[in-house]
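Convention: sequence-line order gives letters A, B, ...; per-chain numbering from 1.
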Amino acid sequence: MPELPEVETVRDGLARHVLGRTVVDVDVRRDYSVRRHEAGPLDFAARLTGRRLEAAVRRGKFLWLLLDEGAGRGDDALLAHLGMSGQLLVRGAHVVDARASGVTEGAVPSGPVGWVEHPHLRVRLVLDDGSALDFVDQRTFGHLSVPDLVTTPDGAPGGCGAARDVVPLPVAHIARDLLDPALDRRAVVAAMRTRRTEVKRALLDQTLVSGVGNIYADEALWRARLHGTRPTAALRATDAERLLDAATEVMTEALEQGGTSFDALYVDVNGASGYFDRSLAVYGQDGRPCRRCGTLVRRDAFANRSSYTCPRCQPRPRPRRA
DNA sequence: CATAGAACCTGTATGC
DNA sequence: TGCATACAGGTTCTAT
């Protein structure tokens with residue numbers, strides 16, 4: 001669910017609310033949510049307890065909190081991926097509005113502190129000021145872990161030469177994202193055109209350029225007037241550039257609105273929804289008129305999901321012969 | 001190596 | 001009402 005603008009909204013919230021705090025207790029309610037932590041839930045908790053949260057960093061849809069140097073620990077971080085339905089909620093030592101938290105009316109506040117416990121709470125970190133950081137995740141595709149930080153080689157993911165960087169090990173293969181100033185956009189265009197696939201698949205490939213998901217891919221393609229099934233190999237460089245510009249633009253606008261959310265499944269650290277859903281031109285708009293030409297937006301099956309396009313603004317490519 | 005599809009899990013909406 | 005099916009913002013693993 002959360003794509004770059006939503007994850008960045010969460011990162012910003014964490015930067016403002018939990019940095020400088022120390023983890024005093026870790027409560028793993030569901031082991032599956034820390035399955036990517038190889039050493040298991042107990043080690044996950046042990047590695048976090050007593051550590052201070054120093055910085056909030058993001059690449060694409062991954063975000064992590066740098067940890068201070070623990071006794072005998074190397075460089076590591078609390079890594080989070082929200083998957084399709086993950087949330088990170090900062091719960092202060094006060095009662096949170098039940099509606100904004102996505103909790104039904106009448107939910108029972110839990111614990112002496114008095115905040116409302118979300119039904120899909122998977123992991124809770126209790127912080128030294130009495131607040132808590134809750135990882136909530138309905139579908140459980142998201143996960144938390146405490147991996148080591150590694151230095152990525154020059155010119156790594158996506159074939160984009162750029163400055164060396166330190167990222168958590170599971171992020172080493174993820175390319176820089178479209179809001180990263182160090183991203184080499186020309187290299188992305190070049191790499192995209194060497195792929196033998198369709199342009200929407202390339203846009204969603206996080207090892208080529210990261211941060212774009214199904215919503216913003218469709219929105220970017222509509223803005224660039226390209227059909228997602230266009231073969232990348234036959235794409236003009238100017239078209240590829242226009243597509244990347246469109247994706248950057250739509251994600252920047254979404255970020256300004258606090259991200260896109262259709263329901264309580266996506267919220268910021270305070271439980272509030274973003275407003276960009278009102279600005280979507282095609283995603284989820286099937287049967288409604290294209291705001292540019294009036295033609296009805298259509299939905300097509302795409303990789304166990306859907307793609308939304310304007311058939312007139314985004315003509316399908318001519319079928320190629322093999 | 002590159003690419004496409006299945007698998008992972010929980011819940012809601014829709015149709016019969 | 002009950003039940004079956006389709007679908008949902010993503011990534012990793014596996015098979016070609």
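The NZ atom of A/K200 sits 14 Å away from the P atom of B/dA4 (whole-angstrom rounding). What separates CZ of A/R139 from P of B/dA7 is a distance of 15 Å, to the nearest Å. Residue A/H81 contributes atom NE2, which lies 13 Å from atom P of C/dC13 at whole-angstrom precision. Protein atom CZ of A/R35 is 13 Å distant from nucleotide atom C1' of B/dT10, rounded to whole Å. Per the geometry, CG belonging to A/D137 stands 12 Å off C1' belonging to B/dC8, to the nearest Å. One can place CG of A/D286 at 14 Å from C1' of C/dA8, the figure rounded to the nearest angstrom. Regarding A/D205, its CG atom lies at a distance of 13 Å from the P atom of C/dG10, rounded to whole Å. Distance A/D277 CG to C/dA8 P: 16 Å, rounded to the nearest Å.
Of the candidates C/dG10, C/dT11, B/dT10, the closest approach to any side-chain atom of A/Q206 belongs to C/dT11. Out of B/dT3, B/dG11, B/dA4, the shortest distance to the side chain of A/R195 is found at B/dT3. Among B/dA4, C/dC7, B/dT10, the nucleotide with an atom closest to any side-chain atom of A/R299 is C/dC7. The side chain of A/R305 approaches C/dT11 more closely than any other nucleotide in the set C/dT11, B/dT10, B/dG5. When the nucleotides B/dT10, C/dT11, B/dT3 are ranked by their closest atom to the side chain of A/R122, B/dT10 comes out on top. Set against B/dC9, C/dT11, C/dA8, the side chain of A/R30 has B/dC9 as its closest nucleotide. Comparing B/dC8, C/dG10, C/dA8 by their closest approach to the side chain of A/E3 singles out C/dG10. Set against C/dT11, C/dC13, B/dT10, the side chain of A/R36 has C/dC13 as its closest nucleotide. Listed nucleotides: B/dG11, B/dC9, C/dT11. Nearest to the side chain of A/K61: C/dT11. In the set C/dG10, B/dA6, C/dA8, C/dG10 carries the atom at the smallest distance from any side-chain atom of A/N214.
Going from the P atom of C/dA6 to that of B/dA6 covers 14 Å, rounded to whole Å. Nucleotides B/dG11 and C/dT12 have their P atoms positioned 24 Å apart, rounded to a whole Å.
Sequence order on DNA chain B of the closest nucleotides to A/H120 and A/Y32 puts A/Y32 first from the 5' end.
Within 6.0 Å of CZ on A/R292 lie more than 12 heavy atoms contributed by other residues, nucleotides or ligands. Atom CZ of A/R35 sits in a crowded spot, with more than 12 heavy atoms from other residues, nucleotides or ligands closer than 6.0 Å.
Checked options A/D268, A/D134, A/L82; the residue passing with A/L88 is A/L82 (criterion: side-chain contact (heavy atoms from CB on, under 4.5 Å)). Partner A/D218 forms a salt bridge (Lys or Arg N to Asp or Glu O under 4.0 Å) with one of A/K200, A/R299, A/R305 and no other, that one being A/K200.
Taking only side-chain nitrogens and oxygens, A/S85 never comes nearer than 4.0 Å to OP1 or OP2 of B/dT10. Side-chain N/O atoms of A/H143 include none lying less than 4.0 angstrom from OP1 or OP2 on C/dG10.
Residue contacts for A/S306: at a heavy-atom cut-off of 4.0 Å it reaches the sugar-phosphate backbone alone, with no base atom in range.
In this pair, A/F141 lays its aromatic ring flat on the base of B/dC8, centres within 5.5 Å and planes under 30 degrees apart.
Closest approach of A/V297 and A/Q285 over heavy atoms only: CB-O, 3.4 Å.
Nucleotide B/dC9: unpaired (no Watson-Crick or G-U wobble partner with both distances less than 3.5 Å).
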Practice task
For A/S85 and A/D137, run side chain to side chain donor-acceptor pair (under 3.5 Å): C-alpha distance rounded to whole Å, both residues' side-chain angles, the deciding distance at 0.1 Å, then the answer.
Solution key: CA-CA 5 Å; A/S85 55; A/D137 190 12; 2.6 Å; yes
